[in-house]
Protein chains: 2
Amino acid sequence: MELTAVIVAVTTGEPRILTVDDGKALPSGPFELGHRSLQIGLRSWVERQTHHPLGYLEQLYTFADRDRVQQGGQGRAISISYLALTRENSGSGAHQPQWRGWYRYFPWEDWRSGTPSLIEGAVAPQLRAWTRAAADPAARSERKRRVELAFGFSGQRWNEDLVLQRYELLYEAGLIPEAGHRKAVEPVVPGQPMVHDHRRILATGIARLRAKIKYRPVFFELMPKSFTLLQLQRLVEALAGQRLHKQNFRRLIEQQRLVEETGEVCTDTGGRPAKLVRFRRDVMLEREIAGSKLPLSRSA
Amino acid sequence: MELTAVIVAVTTGEPRILTVDDGKALPSGPFELGHRSLQIGLRSWVERQTHHPLGYLEQLYTFADRDRVQQGGQGRAISISYLALTRENSGSGAHQPQWRGWYRYFPWEDWRSGTPSLIEGAVAPQLRAWTRAAADPAARSERKRRVELAFGFSGQRWNEDLVLQRYELLYEAGLIPEAGHRKAVEPVVPGQPMVHDHRRILATGIARLRAKIKYRPVFFELMPKSFTLLQLQRLVEALAGQRLHKQNFRRLIEQQRLVEETGEVCTDTGGRPAKLVRFRRDVMLEREIAGSKLPLSRSA
DNA sequence: GATGCATATACGCACAGTGAGTATAAGATA
DNA sequence: TATCTTATACTCACTGTGCGTATATGCATC
């Protein structure tokens with residue numbers, strides 16, 4: 001049994017993850033520690049690695065497929081993955097794990113400066129070729145539908161949450177080196193590979209985080225104690241891979257009363273100094289009871 | 001390694017789960033089947049049990065705590081739990097698993113006929129006593145806050161999604177028999193216990209399902225081929241444990257174009273016959289790209 | 001067969017949330 | 001001082017949603 005962790009921090013506007021083996025793997029290992037629960041063991045392990053208190057920890061998924069061969073060969077290898085949010089702290093030393101920007105692994109996921117050029121340059125044509133290569137018309141239209149849905153070709157908006165679906169489509173289409181397709185000259189989509197299914201686990205983590213920030217303000221775990229609203233916006237944009245509307249972002253944060261002013265200002269913003277704010281920890285919990293999208297009946 | 005499944009069906013307006021051991025346990029077992037993935041193995045196993053195709057299957061959570069002692073004593077016992085949606089089919093035979101209404105295990109979760117009486121009768125007073133029994137004022141106010149949040153005392157709306165939080169609070173307060181608190185005469189809250197942590201797994205499943213129906217129409221997996229809108233509403237109400245506003249529910253379903261008319265009507269409704277509708281499978285996939293709650297910037 | 005009952009279906013209205021734009025404030029810098 | 005840059009305030013339109021009223025259409029009953 002093995003744990004794998006997607007440990008996220010955002011530094012200088014870039015979302016990064018903690019990696020080992022020169023960026024080719026996520027930190028993982030057999031965590032047969034003496035702790036009462038996996039969660040607690042993982043938490044202390046991550047805190048030793050990052051020298052930062054771990055704000056948020058969440059289980060992602062458990063893989064236990066037969067392809068995952070266990071060392072020793074008896075039974076299935078089980079891999080439990082976690083998502084953790086923290087802040088980067090340059091742990092020195094040669095054998096320290098390293099922080100890497102996550103868009104290096106998924107360059108097609110960063111839409112902050114508009115549509116990434118590799119979408120039209122590499123992804124779209126190769127996915128279209130894969131679509132055409134389907135065996136029968138039914139499979140072809142099914143592929144077409146999935147591609148259009150996940151990548152927003154044909155007009156739909158790009159949905160930043162579908163990270164995993166997009167990765168799996170590319171994988172299925174043989175455009176991901178990890179798929180290990182036979183053809184030697186197989187063209188692949190840019191993006192650094194990882195060992196085993198680590199890039200898939202990372203995609204799961206990014207997708208989960210992107211979905212989560214919409215209904216729970218977990219992003220505060222990634223911020224310093226005090227910050228400006230623009231810094232917060234840049235962080236959310238970094239995670240979502242999308243530009244946000246500045247005025248509306250402020251309104252959202254303010255009307256939810258997520259922050260309070262510290263009284264100080266930050267003058268190194270270039271223009272008018274911005275007020276520094278801090279996160280109101282107490283609302284984190286209030287937010288929990290938020291809304292439902294069911295048409296509830298209060299009276300009857 | 002063990003799999004545990006929360007298998008849900010809704011019959012005659014009651015959400016039910018497949019149980020074994022006279023309702024005291026969820027179906028589970030060491031699934032060392034020859035299948036490629038756990039998912040596939042579990043799917044075929046459930047389909048054999050229910051004689052129905054399994055519409056929806058989702059991993060819930062993996063427990064691997066030290067308290068869970070493995071038979072044989074080596075290492076942790078790992079338990080992977082799944083949520084499955086299907087339709088009930090009375091499998092005959094004496095040793096067949098049995099369907100049980102899930103509110104038998106969580107009577108405080110059914111608000112369809114107003115606030116359950118056991119909330120004011122048993123839950124609230126005992127939770128208040130537990131709150132008062134905290135060691136210091138800080139712990140007391142923390143308990144108070146958590147209780148008010150989860151159970152909506154002090155004015156907030158009842159949030160039907162917080163099934164797990166409520167169960168864990170009651171557990172922590174010693175009001176759940178499974179907690180195995182020392183005191184022999186410990187008063188407990190009504191609700192049938194289960195073996196091990198099965199009731200906790202069930203709570204996880206209910207919570208996940210209640211959250212899911214808000215942004216993905218999974219409830220169609222639980223319906224027959226054709227149905228009336230009121231039947232669909234009753235099913236959603238059964239899952240959510242809440243009454244819904246009829247006109248708004250219809251509007252919601254219609255404007256999302258989730259169903260189409262079959263042309264037939266159902267006359268055994270009592271009053272004016274209702275049109276029969278069927279689910280439009282194709283929108284299931286469109287729905288995926290739905291909305292984001294981030295203040296996106298489309299132009300800039 | 002007229003009447004009432006029960007359910008289905010249609011429509012209207014108020015209000016909150018949200019996408020998007022314009023305008024003003026306040027510091028830095030040439 | 002003029003200009004640039006960023007911060008902050010305000011407006012407006014549109015949509016989603018909670019909730020109520022009105023109408024349609026079958027059935028049971030007298």
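Residue numbering restarts at 1 for every chain, and letters A, B, ... go by the order of the sequence lines.
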Taking atom [atom2] of [N] as reference, at what distance in whole Å does atom [atom1] of [X] sit?
X      : N      : atom1 : atom2 : result
B/F249 : D/dT17 : CZ    : P     : 13 Å
B/L244 : D/dC19 : CG    : C1'   : 14 Å
A/K214 : C/dT18 : NZ    : P     : 13 Å
A/F227 : D/dA7  : CZ    : P     : 14 Å
B/Q233 : C/dT7  : CD    : C1'   : 12 Å
A/Q255 : D/dT8  : CD    : P     : 17 Å
A/K246 : C/dA25 : NZ    : C1'   : 13 Å
B/E261 : C/dA8  : CD    : P     : 14 Å

Please determine whether a side-chain nitrogen of the Lys or Arg among [X] and [Y] lies less than 4.0 Å from a carboxylate oxygen of the Asp or Glu.
X      : Y      : answer
B/R166 : B/E109 : yes
B/E264 : B/R278 : no
B/R112 : B/E237 : no
B/E14  : B/R234 : no

- Message: Counting primed atoms plus P, OP1 and OP2 as sugar-phosphate and everything else as base, spell out the protein contacts along nucleotides 9-15 of chain D at 4.0 Å heavy-atom distance: B, S or - for each nucleotide, 5' to 3'.
- Response: B------
- Query: What does B/L230 touch in the nucleic acid at a heavy-atom separation under 4.0 angstrom: a base, only the sugar-phosphate, or nothing?
  - Reply: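 B/L230: backbone/sugar contact only, no base atoms under 4.0 Å.
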- Using only heavy-atom distances, determine whether the side chains of B/Y82 and B/Q59 contain a donor-acceptor pair under 3.5 Å.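 Yes - a donor-acceptor pair under 3.5 Å links their side chains.
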- Message: As an exercise, state the distance from CG of A/L164 to CD1 of A/I206, rounded to the nearest 0.5 Å.
- Response: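 Going from CG on A/L164 over to CD1 on A/I206, the span is 10.5 Å.
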- Message: If you assign each of B/R272 and A/P273 to its closest nucleotide in DNA chain C, which residue comes earlier from the 5' end?
- Response: B/R272
